[in-house]
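Whatever order the structure lists ligands and atoms in, that order sets their numbers, starting from 1.
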Amino acid sequence: MQGKVYLIGAGPGDPELLTLKAARVLGECDVLLVDDLVNRAVLAHARPDARLIEVGKRGGCVSTPQAFITRLMLRHARQGRIVGRLKGGDPFIFGRGGEEIEALRQAGVTHEVINGITAGLAAATAAGIPLTHRDCCRGVTMLTGHTQEGGEPDWAGYARLDTTLVIYMGMRHLDSMVQGLLQAGRAGHTPAAVIAHATLPQEQRLSTTLARLADDAHRHGMDSPAIVVIGEVAGLALPQTVVSMLAA
Ligand code: SAH
């Protein structure tokens with residue numbers, strides 16, 4: 001008897017932002033493979049006897065290789081278990097969900113993906129930023145601040161888009177991101193925001209402009225995980241400059 005694998009979006013941090021479906025499915029799992037951006041509070045929905053395997057793989061930290069995680073997932077499913085692969089945010093947004101379902105499809109293992117609220121959406125909302133607004137932008141672009149090859153994204157290409165930019169994993173390349181966008185013609189006074197640890201008690205928010213983004217973020221010690229929002233709508237952010245909820 002074959003089991004099943006669920007790729008489960010755990011949401012951005014606040015355990016109340018978990019979907020009802022994710023909570024139900026969590027309660028069915030025999031084995032849980034948990035990424036490190038997942039707030040452990042969501043495990044309150046898991047069975048007390050579920051086996052928990054930590055498989056964190058944050059950039060720069062000690063990580064579990066993707067191939068090993070995939071093998072683990074397949075092995076438990078083939079042994080008839082219900083496997084929950086818990087990922088921060090949404091499994092299909094910069095979460096390697098695509099790679100994992102390819103492996104599951106190839107192996108013929110039954111699987112299902114459960115959406116989570118992705119950090120880009122949650123961070124914008126936490127900062128009071130509507131990502132679309134018919135007065136000033138025609139859409140949203142979600143992008144990563146670094147590429148798989150370690151190279152730089154095509155900032156000039158993104159600068160030409162008439163959309164709000166929502167940047168994941170961008171904190172290590174803020175300087176070149178700002179330079180790239182400015183050189184490509186994005187105005188220095190374009191509003192920008194950084195939201196770190198969004199929806200968690202240690203959330204920090206910074207409102208600034210594109211020209212000052214890198215300096216301000218460094219000066220205020222904004223760290224990962226963080227979302228950067230660039231575009232007119234970032235000007236609608238809550239009025240505070242840096243708000244540390246811990247300091248408040
Ligand atoms: N699948 C996840 C993204 C994983 S990539 C999702 O859909 O949200 C990891 C990046 O997500 C981090 O570098 C950061 O840019 C962003 N991120 C995740 N959790 C966050 C949080 N609570 N606050 C701000 N950014 C977050």
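Few gaps surround CZ on Arg219; more than 12 heavy atoms of other groups in view lie less than 6.0 Å from it. For CZ of Arg40, the number of neighbouring non-hydrogen atoms (other residues, nucleotides, ligands) closer than 6.0 Å is greater than 12.
Between the side chain of Asp14 and the backbone N or O of Glu16, at least one donor-acceptor pair lies under 3.5 Å. Under a 3.5 Å cut-off, the side chain of Thr163 and the backbone N or O of Val140 do not form any donor-acceptor pair.
Residue Gly88 places a heavy atom under 4.0 Å from ligand 1. Within the structure, the closest approach of Ala226 to ligand 1 falls below 4.0 Å when heavy atoms are considered.
Using a 3.5 Å distance cut-off with no hydrogens or angles, the side chains of Tyr168 and Thr118 do pair a donor with an acceptor. Of the N and O atoms on the side chains of Glu100 and Gln66, at least one donor lies less than 3.5 Å from an acceptor on the other residue.
Ligand 1 has an N or O atom lying under 3.5 Å from an N or O atom of Met169, backbone or side chain. For a threshold of 3.5 Å applied to N or O pairs, the pair formed by Ile117 and ligand 1 contains no separation below that value. Checked by distance only, ligand 1 and Thr118 come closer than 3.5 Å through their nitrogen or oxygen atoms. Any N or O atom pair closer than 3.5 Å counts here, and Ile167 shares no such pair with ligand 1.
Of all the heavy atoms of Ala123, none lies under 4.0 Å from any atom of ligand 1, so neither backbone nor side chain is involved. At a heavy-atom distance under 4.0 Å, atoms from both the backbone and the side chain of Ala198 approach ligand 1. Neither the backbone nor the side chain of Lys87 comes within contact range of ligand 1; no heavy atom lies under 4.0 Å.
In summary, the atoms of ligand 1 found under 4.0 Å from a heavy atom of Ile195, numbered by their order in the structure, are 24 (C). Residue Ile227 has at least one heavy-atom neighbour below 4.0 Å for each of these atoms of ligand 1: 15 (O), 16 (C), 24 (C), 25 (N).
Checking Leu37, Ile93, Thr199 against atom 9 (C) of ligand 1, the nearest heavy atom belongs to Leu37.
When all heavy atoms of Met222 and Gln204 are compared, the closest pair comes out as CE-O, 3.5 Å.
Taking a cutoff of 4.0 Å between a charged side-chain nitrogen and a carboxylate oxygen, Arg212 and Asp216 qualify as a salt bridge.
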